Amino acid sequence: MGISLDLYDCEQPMKFDYNPETIEKKWQNFWSQNKTFKTDINTNKPKYYVLDMFPYPSGAGLHVGHPEGYTATDIIARYKTMKGFNVLHPMGWDAFGLPAERAAMRSNQHPATLTKANISNFKRQIQQLGLAYDWDREICTSDPEYYRWTQWIFLKLYEKGLAYLADVPVNWCPAQQTVLANEEVVDGKYVETGDPVEKKVMRQWMLKITEYAEQLLEGLEGLDWPQNVKDMQRNWIGQSKGLLIDFKLSEAAESIEVFTTRPETLMGATFCVVAPGHAIVQHVQHEYKALVDAYCKKVANMSDRDREMAAAKEKTGVFTGLFVDHPLIDKKIPIWVADYVKLGYGTGAVMAVPGHDERDHAFAEKFELPIIEVIDDNNHLIHSEGYDGQSVEDAKQGICNSLIDLGIAKETITYKLRDWLFSRQRYWGEPFPMYYDDQGQVCTVSQKELPVVLPTIDAFKPTEDGEPPLARAKDWLQFETPDGTMTRETNTMPQWAGSCWYYLRYMDPKNSDAPFSFEAQQYWGQVDLYIGGLEHAVSHLLYSRFWHHVLYDCGLVSHREPFKKLFNQGMILAQSYRDGLGKYYHESEVYEKKGQYFSKDGDEALTTMVEKMSKSKLNVVNPDEVVSSYGADALRLYEMFMGPLDMTKPWQMNGVKGVYHFLQRVWRLSVDVESNQLSEDIVDECEPSNEWLTALHQTIHKVTEDIESLKFNTAIAQMMSFLNLCKAEKQIPKAQWALFIKILSPFAPHISEEIWAIMGFESSISRAQWPSALEQYLTSAKVSINLCINGKKVTTLMVDKDISYEEAEGMFKTNEKISSKMNGMHIKKLIHVPNRLINAICIK
RNA sequence: GCCGGGGUGGCGAAACAGGUAGACGCGCCAGAUUCAAAAUCUGGUGGUGGUAACACCGUGUCGGUUCGAUUCCGACCCUCGGUACCA
């Protein structure tokens, strides 16, 4: 044994060469044993709260897209710590959700068991990336100690009248035996499985998010969020200001109320359209009744999506036989019922102005209804008796006023936003803290009795009579009180519930008296930086803002908005390979020949695409394989080096080599690979070249700036350039080299810790102070300027900074290269852009 | 359709406030080292022409503003993401 070991050593002369596997394990253990990243309230330091959108721990594990955002926040967390901030940087699990429940149904294991296994895999994968999380603050939404407070907040919502029961048509998926959210249904199918979805009226818990529409809209103003996300939320809330106008039925006392944003087009209204199901439909008589009823019935059976798709292609509708009187002129207007008008928006009725509304226009053309233009090209009214010639603005005012004076109209604001359907007929979610008495009246579980723990049941599927799975828990379902037999709510909350407030729990995760203490909340305040994917631009970010606003109104939090700055990381794409039949091949099943890819099994030519990573496309890149070949530091570095954080970028395994190489060279420059001691070239005393010192300080400066603006790719490029420059130095002063290792450390913490230790520093580099660049090296005395003739660069010159126009002119005229290009031309005009260029306009 | 990104070498990408492209990395080529290969190191590398100095062309397309445009303006094409009759 001894002999072979010696032999081994002989064959591996560089036995202390860069070895990420050993040093990364070493430092991960060190951090966890020393609780290096543990945070507590410390009023002596400014706080900084940097948050990742916590993951849903799926069975598939992490892919290479997850660490992108995690690395970015980690760099910020480590950087801010070194800058003297008290940093909160937590991680947890959004653990309730349908996939675990479906897996449970298939394998007949408890979802909690599966979730636990998934979490431990996720945690292992995340921990091997060396992220500076305070794991003592780890939370899990499916933990009763967590969802106890989710239930508690729900009770707050209920107390404030923001939660109510309603019979609403919902997306019922027979195959899954469950109700789906709108965002889960595409083309009448469940997005996850493709199972068909139909409409079914059910009793559901709803949250009155519409009551906060105005506030949620206003709150966006002051947020440092990407413009597009704000726009998307504004669109979703969909505020529109307009007029409600009564149109009286010609032959009955009733009237219909329509909503319009363009009252100035009133004279162009040639018909009205009501949504199927509108109350006025009851007044339809005689020969029209059967047709209208049949139409309404047909539409009611369609899913929202199908209905929209169909209506977008071709307008459908039927005449009701009813007429209304035009409110201002002597004219009868027919009422039609059509599915392009929706019951849930406005009043479910519109005055159709085919001259100025595309949808109305298409409808009018199809059914040969009159089309009147009432506004000309100059934005003045025509064909509008009494208002002809007025500007749109004036006419709008005038028409509004006269309708309001007549008492048949009022100004109003409507929202596209609808109340939030908040219950699911599923097992794996938070039980509602609600029950019903024997009269069917709703009762709340008292706060002391929380949590209502999810009961254990025999199968995770609905009961035979279509009740939610929780109805299977017979012993749990009912309980006796002096007032009689009580029956618990069997719906559970949607997955969004837990993620609505998790960022608050991180502030005080162990609190057993409250979701979080007021003090903790007051100290940590808003999330200073929140990084996650764009897919949550509306849903999660709007729902959690809503809850936060409510908590604010309850006096539980001191800021109205939870997330001060938001940043969306771009998606990471990967190359996929497909044959003529559309069958996908894994990278390991293909080979490359002259830039063309072929399948190994049949030598078939394959087409390649760069697309979203997905299991079905066999192009998912697992971070584990990257870590095992190149180490976590290289993975982190590559994730950040690929390109700008917010862009979608293709994954290229070869690219990892480049950053690995960089780390290796940093290592070899720092460490004597024979002895594992500090390299002999890193010395206490020496005089580095001025170029080197300048580059060092410029690097410190650039890296600092780039971290602040989340431009990690160029920060890394700068460090690489600096390293390239180090080759020219025979010796490097230790004190200065330490500065470089410090600025590298947020990006590549393991190697930096190891080199730091080898340099003889005793405490973790994460506790070191961030260096600042010396001003004297940031400004140089010489600059290079271009000399141009007629806008074309002729030569580049190094000159003193800030030379005068006269000096520049002289320099230009005496320059040999310039003279040789003049060919008898003379200078008409000379442009001198200080420190940039001198350009002469020359003519013959 | 609408809204928002994005089109720059063989590839991922740089370029401050308009200042005269392609930083950094991958790949490729050549050399060193090696019995050889891998690894490593050194140099080169936008295209076309030329031994070369050099010349011309080059940031999706067409046009405009400017001494000067990847950057500003207008029209269009392609691509990715979001969204969907919102009255």
Side-chain angles (χ1 to χ4, degrees), chain A residues 14 17 226-232 234-236 238-240 242-243 258-262 265 272-273 275 304-305 307-313 315 338-342 344-353 356-360 362-363 414-417 534-535 537-538 568 570-571 573 595 610-612 637-638 641-644 646-662 664-665 668 705 711 713-724 727 785-794 796 828-831 833-842:
Chain A
M14 303 200 293
D17 201 2
Q227 193 55 45
N228 58 341
V229 177
K230 286 199 206 180
D231 287 346
M232 281 160 82
R234 282 200 190 98
N235 268 326
W236 192 267
Q239 185 188 64
S240 52
L243 204 60
V258 306
F259 175 70
T260 181
T261 53
R262 302 198 57 194
T265 61
C272 281
V273 182
D304 274 4
R305 269 300 168 126
R307 189 175 142 177
E308 279 159 14
M309 301 282 276
K313 267 190 218 125
K315 294 278 180 283
D339 63 356
Y340 80 90
V341 173
K342 285 188 186 166
Y345 184 75
T347 58
V350 300
M351 61 174 209
V353 185
H356 301 280
D357 183 287
E358 268 183 45
R359 296 152 299 167
D360 296 343
F363 193 83
T414 61
Y415 296 92
K416 197 160 90 180
L417 185 70
L534 199 57
E535 66 272 23
V538 179
N568 300 112
M571 207 188 308
L573 309 174
V610 172
E611 50 189 342
K612 198 168 160 172
L637 220 48
Y638 178 62
F641 185 62
M642 289 172 82
D646 56 352
M647 294 258 284
T648 56
K649 304 164 282 271
W651 182 268
Q652 296 186 131
M653 205 50 106
N654 266 341
V656 188
K657 272 191 216 169
V659 294
Y660 177 79
H661 196 188
F662 164 71
Q664 196 176 44
R665 296 204 304 167
R668 290 177 182 172
E705 266 193 341
K711 282 153 67 180
N713 54 331
T714 47
I716 294 167
Q718 178 68 35
M719 290 189 280
M720 287 173 163
S721 294
F722 172 69
L723 188 71
N724 289 342
K727 284 186 287 206
I785 67 169
N786 288 320
L787 303 190
C788 313
I789 294 177
N790 288 334
K792 284 202 171 181
K793 181 166 82 178
V794 175
T796 304
K828 196 184 152 202
K829 188 181 171 191
L830 196 76
I831 294 153
V833 182
N835 305 325
R836 295 274 185 208
L837 56 56
I838 304 166
N839 182 25
I841 320 298
C842 301

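Here is the naming used below: chain letters follow the sequence lines, and residue numbers restart at 1 for every chain. In this text, all values refer to a predicted model and were calculated from it rather than measured experimentally.
For A:Thr714 and A:Asn839, each mapped to the nucleotide of RNA chain B holding its nearest heavy atom, the one lying further toward the 5' end belongs to A:Thr714. The 5' end of RNA chain B is approached more closely, in terms of each residue's nearest nucleotide, by A:Lys711 than by the other of A:Val350 and A:Lys711.
By the 6.0 Å contact criterion, NZ on A:Lys711 is open, its count of non-hydrogen atoms from other residues, nucleotides or ligands being 12 or less.
A donor N or O paired with an acceptor N or O is found under 3.5 Å between the base of B:C16 and the side-chain atoms of A:Arg836.
Pair check for B:C3 finds B:G81; Watson-Crick or G-U wobble, both atom distances under 3.5 Å. With a 3.5 Å ceiling on both atom-pair distances, B:A87 lacks any Watson-Crick or G-U wobble partner. Under the Watson-Crick or G-U wobble criterion, with both distances below 3.5 Å, B:A32 is paired with B:U40. The nucleotide B:G68 finds no pairing partner, because no Watson-Crick or G-U wobble arrangement with both distances shorter than 3.5 Å includes it. Using N1 to N3 plus N6-O4 or O6-N4 for Watson-Crick, or N1-O2 and O6-N3 for G-U wobble, each under 3.5 Å, B:G27 pairs with B:U45.
One finds no side-chain N or O of A:Lys793 lying less than 4.0 angstrom from the OP1 or OP2 phosphate oxygen of B:G68. Listed pair A:His356 / B:A87 fails the phosphate criterion, with no side-chain N or O lying under 4.0 Å from OP1 or OP2.
Nucleotides B:G50 and B:A39, compared at atom P, are 35 Å apart to the nearest Å.
Base orientation of B:G4: anti, since the glycosidic angle falls outside 90° of 0.
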